[in-house]
**Student:** 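I am attaching a structure below and will ask some questions about it afterwards.
Each chain gets a letter, A, B and so on, in the order its sequence line appears, and its residues count up from 1. In what follows, every heavy atom counts, from backbone to side chain, and hydrogens, waters and symmetry copies are set aside.
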Protein chains: 2
Amino acid sequence: MKNYLDVIKKSPLFHNIEDFNVIPMLGCIAGYKKSYEKGQIIFSEGDLINEIGIVLKGKVELSKYGYNGNKSIIVTLEAPQMFGESYACSEIKKIPVDIISIEDSEILFVNVERILKTCSNACSFHNKMISNLLTAVANKNIVLNKKIEITSKRTTREKLLTYLFLKAKEEGKKQFTIEYDRQSLADYLEVDRSGLSVEISKLCKEGIIDNQKNHFILKRNIYI
Amino acid sequence: MKNYLDVIKKSPLFHNIEDFNVIPMLGCIAGYKKSYEKGQIIFSEGDLINEIGIVLKGKVELSKYGYNGNKSIIVTLEAPQMFGESYACSEIKKIPVDIISIEDSEILFVNVERILKTCSNACSFHNKMISNLLTAVANKNIVLNKKIEITSKRTTREKLLTYLFLKAKEEGKKQFTIEYDRQSLADYLEVDRSGLSVEISKLCKEGIIDNQKNHFILKRNIYI
DNA sequence: CTCCTTTTGTTGAAAATTCAACATACATTG
DNA sequence: CAATGTATGTTGAATTTTCAACAAAAGGAG
């Protein structure tokens with residue numbers, strides 16, 4: 001079985017851990033690999049998890065059933081992304097989603113308690129991994145906070161302007177290119193695509209923004 | 001100056017740390033107290049923070065200005081709640097909010113790097129605090145995820161049903177009391193209060209739920 | 001360049017939300 | 001228990017979103 005060291009090194013959990021420390025580290029935290037066939041269930045909704053999964057090969061899908069029994073796909077992950085960290089680290093270890101391998105996949109599992117318990121040999125990279133884990137969870141936190149700030153606005157126009165305003169602030173300029181096409185932006189803002197197009201046109205006509213495809217310019221009435 | 005040990009002990013960061021360890025712990029992580037008068041600014045938007053603030057006395061307000069220059073209050077915190085942890089722990093240390101003392105307050109600051117760097121005397125409670133911090137950030141993550149799952153639905157009815165469905169699942173029963181009054185629930189769901197009342201009435205008439213004030217019963221068509 | 005596909009913009013009708021105003025129920029207190 | 005204030009329910013009008021269908025533009029392949 002391939003050891004996937006190259007992939008593991010790219011995972012946020014192993015960020016800034018020197019190559020030659022990765023193998024000892026894995027031993028130290030008792031990480032283990034597991035293979036899943038296409039369609040195989042990795043975790044079912046309601047499972048209690050103490051382990052973080054890192055996708056080494058293949059693809060996994062997080063999905064969930066709503067009150068009406070409809071399944072919705074939340075996200076698809078590939079190497080070297082990880083899943084389960086929020087739940088494994090929280091007090092509520094019950095995961096609220098199904099996690100399914102949608103391709104033949106290899107997953108690396110690492111136990112959170114083993115990460116947190118500094119090992120007997122007090123390895124320096126152990127502390128680095130704890131800090132990486134905390135950073136990863138905190139980063140996600142910020143992403144979610146931002147999304148809530150934007151989508152909690154009531155109209156398409158307000159959502160869009162809030163999004164553009166925050167983007168401009170991040171970039172530090174009133175002119176920037178976004179990473180979404182129209183449909184993805186509509187999905188992110190939780191609005192209708194055609195309604196979004198209408199709103200962008202309006203803002204352009206009103207002279208508040210300029211827009212060419214993914215490139216936006218904030219012209220006035222926006223306080224950065 | 002009061003030492004506020006009783007408050008500190010209640011903070012999530014000091015959860016399960018024995019009383020007699022709190023003082024040594026504070027020394028170990030170089031925690032320090034600071035007083036703020038009513039109206040005084042604790043952090044301004046854009047400040048880089050490396051410290052978590054724990055409210056020991058008084059009240060602090062997190063607020064922010066939108067694209068239109070309007071100020072909106074995000075949350076008010078009192079003892080023993082903490083703030084800044086997501087930013088102090090993340091890669092983006094710039095806080096996006098103003099944090100203001102709205103009463104005469106006392107704040108305990110602890111440096112995240114000092115928490116993460118296991119101290120020379122390798123105190124056992126140090127590890128506990130790291131784990132507490134991680135748990136706190138991960139818990140918030142779950143709260144935010146849930147809120148997004150609910151508010152990303154497009155109609156008041158879907159938001160409400162998703163909320164009730166998740167609540168029922170958490171409680172493990174189809175009958176439960178919620179912690180919100182109508183206005184707070186509307187705020188949480190990001191919908192209009194009167195529209196929410198209309199929807200609750202409809203669902204009752206349709207025989208899908210029963211409701212008396214804060215008490216809800218899911219009757220059918222809800223898959224838990 | 002042309003054909004074909006994908007993305008984006010536009011339109012109008014239907015559905016849903018918001019808003020303001022008022023009615024009713026509930027709770028508190030003097 | 002009357003009076004007052006707060007919370008909740010109801011209504012209709014105005015605004016906004018969604019939805020479906022189509023038009024226009026952009027991009028790629030041959």
Side-chain angles (χ1 to χ4, degrees), chain A residues 66-68 70 72 147-165 167 176-219 221, chain B residues 66-68 70 72 76 147-165 167 176-217 219 221:
Chain A
Y67 63 88
N68 48 15
N70 285 345
S72 68
K147 169 141 176 140
I148 288 177
E149 183 185 351
I150 292 169
T151 58
S152 68
K153 298 292 187 303
R154 297 296 172 86
T155 64
T156 299
R157 186 191 182 94
E158 276 187 306
K159 287 178 192 181
L160 174 60
L161 284 173
T162 301
Y163 169 76
L164 293 174
F165 165 74
K167 183 79 183 173
F176 49 84
T177 303
I178 68 173
E179 61 265 50
Y180 295 120
D181 61 19
R182 285 290 181 278
Q183 183 61 62
S184 320
L185 180 57
D187 290 344
Y188 178 73
L189 301 179
E190 322 273 14
V191 299
D192 181 70
R193 181 198 59 80
S194 72
L196 174 61
S197 275
V198 170
E199 213 56 61
I200 291 174
S201 301
K202 266 194 210 164
L203 288 169
C204 286
K205 274 174 206 143
E206 293 171 24
I208 295 171
I209 67 171
D210 263 351
N211 164 248
Q212 299 262 37
K213 289 175 55 76
N214 302 333
H215 191 77
F216 287 82
I217 305 175
L218 306 189
K219 294 170 75 181
N221 285 345
Chain B
Y67 65 87
N68 48 16
N70 284 347
S72 68
T76 305
K147 168 141 176 139
I148 288 177
E149 182 185 350
I150 292 169
T151 58
S152 68
K153 298 291 187 303
R154 297 294 172 86
T155 64
T156 299
R157 185 189 182 93
E158 277 187 305
K159 287 178 193 182
L160 174 60
L161 284 173
T162 301
Y163 169 76
L164 293 174
F165 165 73
K167 183 78 183 173
F176 49 84
T177 302
I178 68 173
E179 61 264 51
Y180 295 120
D181 61 19
R182 286 290 180 279
Q183 184 60 63
S184 319
L185 180 57
D187 289 344
Y188 178 74
L189 301 180
E190 321 274 15
V191 298
D192 182 69
R193 180 198 60 78
S194 71
L196 174 60
S197 276
V198 169
E199 213 56 60
I200 291 174
S201 301
K202 267 194 209 164
L203 287 169
C204 286
K205 274 173 206 144
E206 293 172 24
I208 295 170
I209 67 172
D210 263 352
N211 164 248
Q212 299 261 39
K213 288 174 56 79
N214 301 335
H215 191 76
F216 286 82
I217 305 175
K219 294 170 75 181
N221 285 346

**Student:** Could you work out, with salt bridge (charged side-chain N to carboxylate O under 4.0 Å, His left out) as the rule, every residue matching A/R182, not counting sequence neighbours?
**Tutor:**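 In terms of salt bridge (charged side-chain N to carboxylate O under 4.0 Å, His left out), with neighbours along the sequence ignored, A/R182 is linked to no residue.
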**Student:** Which comes earlier along DNA chain C counting from the 5' end, the contact point of B/K202 or that of A/K205, where each point is its nearest nucleotide?
**Tutor:**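 The residue closer to the strand's 5' end, by nearest nucleotide, is A/K205.
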**Student:** Can you tell me the distance, in whole Å, between the CD atom of B/E199 and the P atom of D/dT8?
**Tutor:**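 From B/E199 CD to D/dT8 P: 17 Å.
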**Student:** Show your working on side-chain contact (heavy atoms from CB on, under 4.5 Å) between B/I148 and A/T151 and close with a plain yes or no.
**Tutor:** CA-CA 9 Å; B/I148 288 177; A/T151 58; 5.7 Å; no
**Student:** How close or far is atom P of D/dT10 from atom CG of B/N211, stated in whole angstroms?
**Tutor:**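 B/N211 atom CG is separated from D/dT10 atom P by 11 Å.
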**Student:** Got a sec, which residues hit salt bridge (charged side-chain N to carboxylate O under 4.0 Å, His left out) with A/D181, two or more places apart in sequence or on another chain?
**Tutor:**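 A/D181 satisfies salt bridge (charged side-chain N to carboxylate O under 4.0 Å, His left out) with no residue once adjacent residues are dropped.
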**Student:** Quick one: is D/dG27 close enough that its OP1 or OP2 comes under 4.0 Å of any side-chain N or O from A/K213?
**Tutor:**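 Checking A/K213 against D/dG27: at least one side-chain N or O falls below 4.0 Å of OP1 or OP2.
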**Student:** With a strict under 4.0 Å distance from non-hydrogen atoms of chain A, what nucleotide opens and what nucleotide closes the contacted stretch of DNA chain C, reading 5' to 3'?
**Tutor:**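 Range of nucleotides within reach of chain A: C/dT8 to C/dT18.
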**Student:** Report which part of the nucleic acid A/R193 touches: base, sugar-phosphate, or nothing (heavy-atom distance under 4.0 Å, all strands).
**Tutor:**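 Result for A/R193 = base.
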**Student:** List the residues meeting side-chain hydrogen bond (donor to acceptor under 3.5 Å, both in side chains) with B/S194, not counting sequence neighbours, and say none if there are none.
**Tutor:**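 So B/S194 forms a side-chain hydrogen bond (donor to acceptor under 3.5 Å, both in side chains) with B/D192.
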**Student:** Output every pair passing ring-ring contact (aromatic ring centres under 6.0 Å, His included) with a member in residues 190-212 of chain B, not counting sequence neighbours, ordered by first then second residue.
**Tutor:**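 Not a single pair qualifies under ring-ring contact (aromatic ring centres under 6.0 Å, His included).
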**Student:** Would you classify B/S194 as touching base, sugar-phosphate or nothing, given that sugar-phosphate means primed atoms plus P, OP1 and OP2, and contacts are heavy atoms under 4.0 Å?
**Tutor:**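 Here B/S194 touches the bases of the nucleic acid.
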**Student:** Rounded to whole angstrom units, what separation is found between the CG atom of A/D192 and the C1' atom of D/dT17?
**Tutor:**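 Taking atom C1' of D/dT17 as the reference, CG of A/D192 is at 7 Å.
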**Student:** Name all residues meeting the salt bridge (charged side-chain N to carboxylate O under 4.0 Å, His left out) criterion together with B/E158; count only those two or more places apart in sequence or in a different chain, and write none if there are none.
**Tutor:**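 Salt bridge (charged side-chain N to carboxylate O under 4.0 Å, His left out) check on B/E158 returns nothing, list empty.
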**Student:** Going by the ring-ring contact (aromatic ring centres under 6.0 Å, His included) test, which pairs reach into residues 183-202 of chain B, not counting sequence neighbours?
**Tutor:**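 Applying ring-ring contact (aromatic ring centres under 6.0 Å, His included) to every pair that reaches into residues 183-202 of chain B, excluding sequence neighbours, yields B/Y163-B/Y188, B/Y180-B/Y188.
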**Student:** Of the candidate nucleotides D/dT10, D/dT18, D/dG9, which contains the atom at the shortest distance from the side chain of B/S201?
**Tutor:**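 The nucleotide sitting nearest to the side chain is D/dT10.
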**Student:** Under 4.0 Å, counting only non-hydrogen atoms across every strand here, what does B/S197 touch: a base, just sugar-phosphate, or nothing?
**Tutor:**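 The residue B/S197 makes base contact.
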**Student:** Can you measure A/K159 atom NZ to D/dT17 atom C1' for me and round it to whole angstrom units?
**Tutor:**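 It works out to 9 Å between those atoms.
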**Student:** Show every donor-acceptor pair shorter than 3.5 Å between a side-chain atom in residues 202-210 of chain B and any protein atom, with sequence neighbours excluded, or say none if there are none.
**Tutor:**
{"residue": "B/E206", "atom": "OE1", "partner": "B/R157", "partner atom": "NH2", "Å": "2.6"}
{"residue": "B/E206", "atom": "OE2", "partner": "B/R157", "partner atom": "NH1", "Å": "3.4"}

**Student:** Not counting sequence neighbours, which residues clear salt bridge (charged side-chain N to carboxylate O under 4.0 Å, His left out) with B/E190? List them please.
**Tutor:**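 In terms of salt bridge (charged side-chain N to carboxylate O under 4.0 Å, His left out), with neighbours along the sequence ignored, B/E190 is linked to B/K147.
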**Student:** Can you sort out which residues in residues 176-191 of chain B have a heavy atom within less than 4.0 Å of DNA chain D? Ascending by number, please.
**Tutor:**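 Heavy-atom contacts with DNA chain D come from B/D181, B/R182, B/Q183.
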**Student:** Quick one, A/F176 with A/L164, criterion side-chain contact (heavy atoms from CB on, under 4.5 Å). Give me CA distance, side-chain angles, the key distance, then yes/no.
**Tutor:** CA-CA 9 Å; A/F176 49 84; A/L164 293 174; 3.9 Å; yes
**Student:** What residues, two or more places apart in sequence or in another chain, satisfy side-chain contact (heavy atoms from CB on, under 4.5 Å) together with B/N214?
**Tutor:**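 B/T177, B/I178.
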**Student:** Estimate the overall bend of the helix from C/dC1-D/dG30 to C/dG30-D/dC1 from the end axes over five pairs each, rounded to 10 degrees.
**Tutor:**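 Answer rounded to 10°: the end axes differ by 40°.
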